[in-house]
Amino acid sequence: MPKPVYATADELAEAVKKLEGQLKATEAKLGGALKQSETNLKGELAKANEQMANNAQVANEGTQRCGNDSKTYTDDRLNQFRTDMMGLLNGTQEEIGQAQAKLSQKVESVDNDVRKALADELAALCERIDKEFQATREDMTKFSETKSQEGKANLADQRDQLDRAMAEAAKEVDQKMDKLQATMEKFLKDFSDSQAKDQASREEKTQRSESEIWLKLDRTNELLQELTDSSTRDTESLREEATKNLEDYKAEANGRLDGHDEENLQMRTALMEVENLATRRVDWVIKDASKRLRPNSASKASLHTSWFSPKFDMAGVHGLQLELQLFRPSDWGADGESSGDVAIYLWACKGMNLVYKLYCGSKAQTCEKVFNGKVPYGTTRFCWLKDQINREDDTLRIGCEVLEAVREVEHICKPIQPPSEEELKDASQAEKEQADKLAKEQLPGSLLFRRHVNNRLFDQVKNQVDAMRSRMVRRVEWRVEQASLLRKCFPPGESICSASFNAAGIEGMQLIFYPCGYHGATDGFCSLYLYAPAGATLRCNLFIGDQKRDANHSFEVAGAFGRTNFCRFEAGLEQATDTIVVALEVDEAHQDMIATVAHPKAVPGDTRSIAQMDGSVSGPIESTVKLQQASGNLKKSPLEERRVLPSLWTAKSMADNSKKEDKFHSFDELKTQTRGPSPTRRVRDGSTSQLSPMNMSEFKASQTDDLTGELQPPLPKLKSSVSEKTTISDFRGASEWSVSTRGSRSRRSLPKSNSQVVVSPMSSPDI
């Protein structure tokens, strides 16, 4: 047996390349034949498709030709039928029916013939197409089978050749692999021996290196221990130093933060004061007031129950608080119990000097107080709780309006700290002298700021200006519109009142006009009265249109004064404008005023009580100064001004406090009512108010020449002389009368007149 020869890698690669070349040659041979057969097959299929398309076109043309022929035949037959029918129009109905039947039969036969011919033609065409397709399919099938058999035979020959070549190549590869394995075994044995020698030498070197490394590690441990000890000592010293520095920094930071907090608080307080500086009024709204606000029961000793509002700031004043006191009825009749069951108090800080107004619903009272910070100050019992609660939302408004506030603010002056001795060690002599001088010149003390907020300045100036302007007012006119409707809307005893006005330095006057006259007036006459405050003395004239009557009177108390039979209503009516001009013309006026004197502050040895010093005494202070304000003779004054009142009226006079407040009305409202009393002119029970002009005390002139009548107190005595022969012309002329109000004044004799003098007292203690 011959020794096998092993193939080398190059020989194997060459054999592989040879095999790949043979495979490519085989693929080239087979590829050409396959491409040729595919091209032939596609050509045959294209021819078959073209033939089928031609056959389909022939069939379509035949179908179209058959359809055209049938249409032509049908049209010809129809034309012939139409011609026959036109010739037989005059025939009988029977002939028409027979013609129609024949025509129908002919049409049906033609239609059947056409359909049959078309069906036969289509059937023959489809059969011919199917035969051609079947022949083409058989030819293609035979050609494909022939070509596939030839390809299979060629592939089998090529596969046998390839198998023989691969078997020979495999034998050569096995021989070469055996040779390569023997060579590799020898090489591995030699390599193992050399590796063993190298390993022995490396182990010896490794042992020597390990001993050296252990020695170095021992030395490194010693050095590390020394470094650890030194690091520990340095760390402890650094920790102590850092802790000390941190404590110092913490103390300094806390001090600065405390200072910042104090400055922030001061700044916030100042900002809130500045923000609330423009706030004039604050309202405390109490919800569910009817349920929450209840007085104490009779079993408790205290008469009142208190509720406190949250604290608030306003008008430069801080720390304000409202107190609502609700009183229960007492068994012995406490002071002010008839005035109401509600009192409002204000708490404020010490040293606050306030002029303020306290509100409860629609009621208000003005107070003035220097607060000591211990007790509040406020109103007396001045209203009833049930009347001030808003019925719509069941709320109660308690308000405070600061009119004027004076506050003293003290700022302590902190001295500048001089430099310490340590800081002055390296300082120059001049710096040391400057530090000593600074320490000696600084004085402890504070700055006292007096802050004054006046929210009533505009009102005060306006009142003073109005008062100054009123000194120049000599004539006041009130234009009463819709005069023709007045006697229908206002029966006898019913009045209309003007707005209040100031004139000749007298404040708070009012004109009261009775279109149908006051009680006891002559039928057809109207009445006119002038209301003036207490202490006023007037020498003036009253006008209704061009009717003039003089009026000289001194008002001991506030009330109304005028004439019952002033003039006939038609005499003062301007028919063109349907108006009446009611006027007052002042010749001379002056007024006595009562001013309260403020008591001095408390000094050592003062005998006043604490209540008197705090101003909480309920009674008046028995110390007054009487002043007289006189405008003098206005006829001699070069300055004159006429003031026209607005054309508005109200049913409530200033002398009547028993009626509720009535708003002002326009005279145009009288157009809607032609008769009956106006609203708010009578009480529901039909009686008149006690202080209305209808209840004014009257003096009617008797038939004697000289008679003194006694009036109701505190009215003055009146003296009048009347002649029963006095006529209307005498009344319309310069009839005169006078009132003697003081014992020192001389009485004037009066001419005879039918006029009546009426004076109404003002019993309200507030005026």
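Hydrogens, waters and symmetry mates play no part in the numbers below; they use all other heavy atoms, side chains included. Numbering of residues begins at 1 and proceeds along the displayed sequence.
The shortest non-hydrogen separation linking Pro376 to Glu323 is CG-OE1, 3.8 Å. In this structure, Cys400 and Met314 approach most closely via the heavy-atom pair O-CE, 3.5 Å. Pairing each heavy atom of Gly319 with each of Asp313, the nearest pair is N-OD1, 3.0 Å. Nearest heavy-atom pair across Asn455 and Val402 is ND2-O, 2.9 Å. Smallest separation of non-hydrogen atoms from Glu410 and Ser446: OE2-OG, 2.8 Å. In terms of heavy-atom proximity, Phe382 sits nearest to Ala364 at CE1-N, 3.8 Å.
Within the 3.5 Å criterion, the main-chain N or O of Gly340 finds a donor-acceptor partner in the side chain of Arg381. Side-chain N or O atoms of Ser309 include one that pairs as donor or acceptor with a backbone N or O of Leu322 at under 3.5 Å. Although no hydrogens or angles enter the test, the distance criterion places no donor-acceptor pair under 3.5 Å between the side chain of Asn454 and the main chain of Glu404. Side-chain N or O atoms of Arg450 include none that pairs as donor or acceptor with a backbone N or O of Val406 at under 3.5 Å. Proximity of a side-chain donor or acceptor of Asp283 to a complementary backbone N or O of Val285 within less than 3.5 Å is not detected. Asn353 places no side-chain N or O within 3.5 Å of a backbone atom of Ala405 that could act as its donor or acceptor partner. Arg451 places no side-chain N or O within 3.5 Å of a backbone atom of Val409 that could act as its donor or acceptor partner. Although no hydrogens or angles enter the test, the distance criterion places no donor-acceptor pair under 3.5 Å between the side chain of Gln321 and the main chain of Trp347. Side-chain atoms of Asp288 never come within 3.5 Å of backbone atoms of Thr395 as a donor-acceptor pair (strictly under, hydrogens ignored). In this structure, Asn221 contributes its side chain and Leu217 its backbone to a donor-acceptor pair below 3.5 Å.
In this structure, Lys369 satisfies the cation-pi test against Tyr377, with its NZ or CZ atom closer than 6.0 Å to the six-membered ring centre and inside 45 degrees of the ring normal. Judged by the 6.0 Å distance and 45° axis criteria, Arg397 is not positioned over the aromatic ring of Tyr359.
Taking OG1 of Thr243 as the reference point, atom CD of Glu240 lies at 7.5 Å (rounded to 0.5 Å). Remark: Gln207 CD to Glu212 CD distance equals 12.5 Å, nearest 0.5 Å. Distance check, rounded to the nearest 0.5 Å: CG of Leu271 to CG of Asn264 gives 10.0 Å. Note that CD of Glu262 is 8.0 Å distant from CG of Leu265, once rounded to the nearest 0.5 Å. Taken from CD in Glu433 to OG in Ser428, the straight-line distance is 8.5 Å, to the nearest 0.5 Å. Annotation: the span from Glu275 atom CD to Arg268 atom CZ amounts to 10.5 Å, rounded to 0.5 Å.
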request  = Take Arg208 and Glu204, measure what salt bridge (charged side-chain N to carboxylate O under 4.0 Å, His left out) needs, and give me the verdict at the end.
outcome  = CA-CA 7 Å; Arg208 290 197 301 268; Glu204 184 179 359; 3.3 Å; yes
ask   = Where do Cys367 and Lys357 land on the side chain to side chain contact (heavy atoms under 4.5 Å, CB included) test, with the steps shown first?
value = CA-CA 6 Å; Cys367 304; Lys357 187 181 291 186; over 6 Å; no
request  = Evaluate side chain to side chain contact (heavy atoms under 4.5 Å, CB included) for Val342 paired with Trp384, printing each intermediate quantity in order.
outcome  = CA-CA 6 Å; Val342 174; Trp384 298 96; over 6 Å; no
task = List the steps, then state whether salt bridge (charged side-chain N to carboxylate O under 4.0 Å, His left out) holds for Arg280 with Asp459.
result = CA-CA 13 Å; Arg280 179 173 178 173; Asp459 298 333; 3.4 Å; yes
ask   = How far apart are the C-alpha atoms of Gln325 and Thr305, what are their side-chain angles, what is the distance that settles it, and do they pass the side chain to side chain donor-acceptor pair (under 3.5 Å) test?
value = CA-CA 5 Å; Gln325 292 187 2; Thr305 306; over 6 Å; no
message = Does Lys171 form a side chain to side chain contact (heavy atoms under 4.5 Å, CB included) with Asp174? I'd like the steps, not just the answer.
response = CA-CA 5 Å; Lys171 289 180 180 179; Asp174 291 337; 5.6 Å; no
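In this structure the side chain of Leu396 reaches within 4.5 angstrom of the side chain of Ile398, judged on heavy atoms. You'll find the side chain of Leu403 reaches within 4.5 Å of the side chain of Glu401, heavy atoms only. Two residues are said to be in side-chain contact when any heavy atoms from C-beta on lie closer than 4.5 Å; Phe312 and Val282 meet this criterion. Between His318 and Cys349 the shortest side-chain heavy-atom distance falls below 4.5 Å. Between Arg202 and Gln199, the closest side-chain pair of non-hydrogen atoms falls below 4.5 Å. Side-chain contact check for Thr380 versus Gln365: some heavy-atom pair is nearer than 4.5 Å. The side-chain heavy atoms of Ile213 and Glu210, taken from C-beta on, include no pair separated by under 4.5 Å. At a threshold of 4.5 Å between non-hydrogen side-chain atoms, the residues Trp284 and Trp307 count as touching.
Environment of CD in Glu14: sparse, with no more than 12 heavy atoms of neighbouring residues, nucleotides or ligands closer than 6.0 Å. Within a 6.0 Å sphere centred on CZ of Phe449, other residues, nucleotides and ligands contribute more than 12 heavy atoms. The neighbour count for Arg391 CZ, taken as heavy atoms of other residues, nucleotides or ligands under 6.0 Å away, is above 12. Other residues, nucleotides and ligands contribute more than 12 heavy atoms inside 6.0 Å of the NZ atom of Lys432. The neighbour count for Leu188 CG, taken as heavy atoms of other residues, nucleotides or ligands under 6.0 Å away, is above 12. Annotation for Glu50: atom CD does not count as buried by contact number, only 12 or fewer foreign heavy atoms lying within 6.0 Å.
A side chain to side chain contact (heavy atoms under 4.5 Å, CB included) with Glu392 is found for one member of Ile389, Asp394, Asn390 and no other, namely Asn390.
A salt bridge does not link Lys244 to Glu241: none of the charged nitrogens lies less than 4.0 Å from a carboxylate oxygen.
The closest side-chain donor-acceptor pair between His452 and Arg407, if any, does not fall under 3.5 angstrom.
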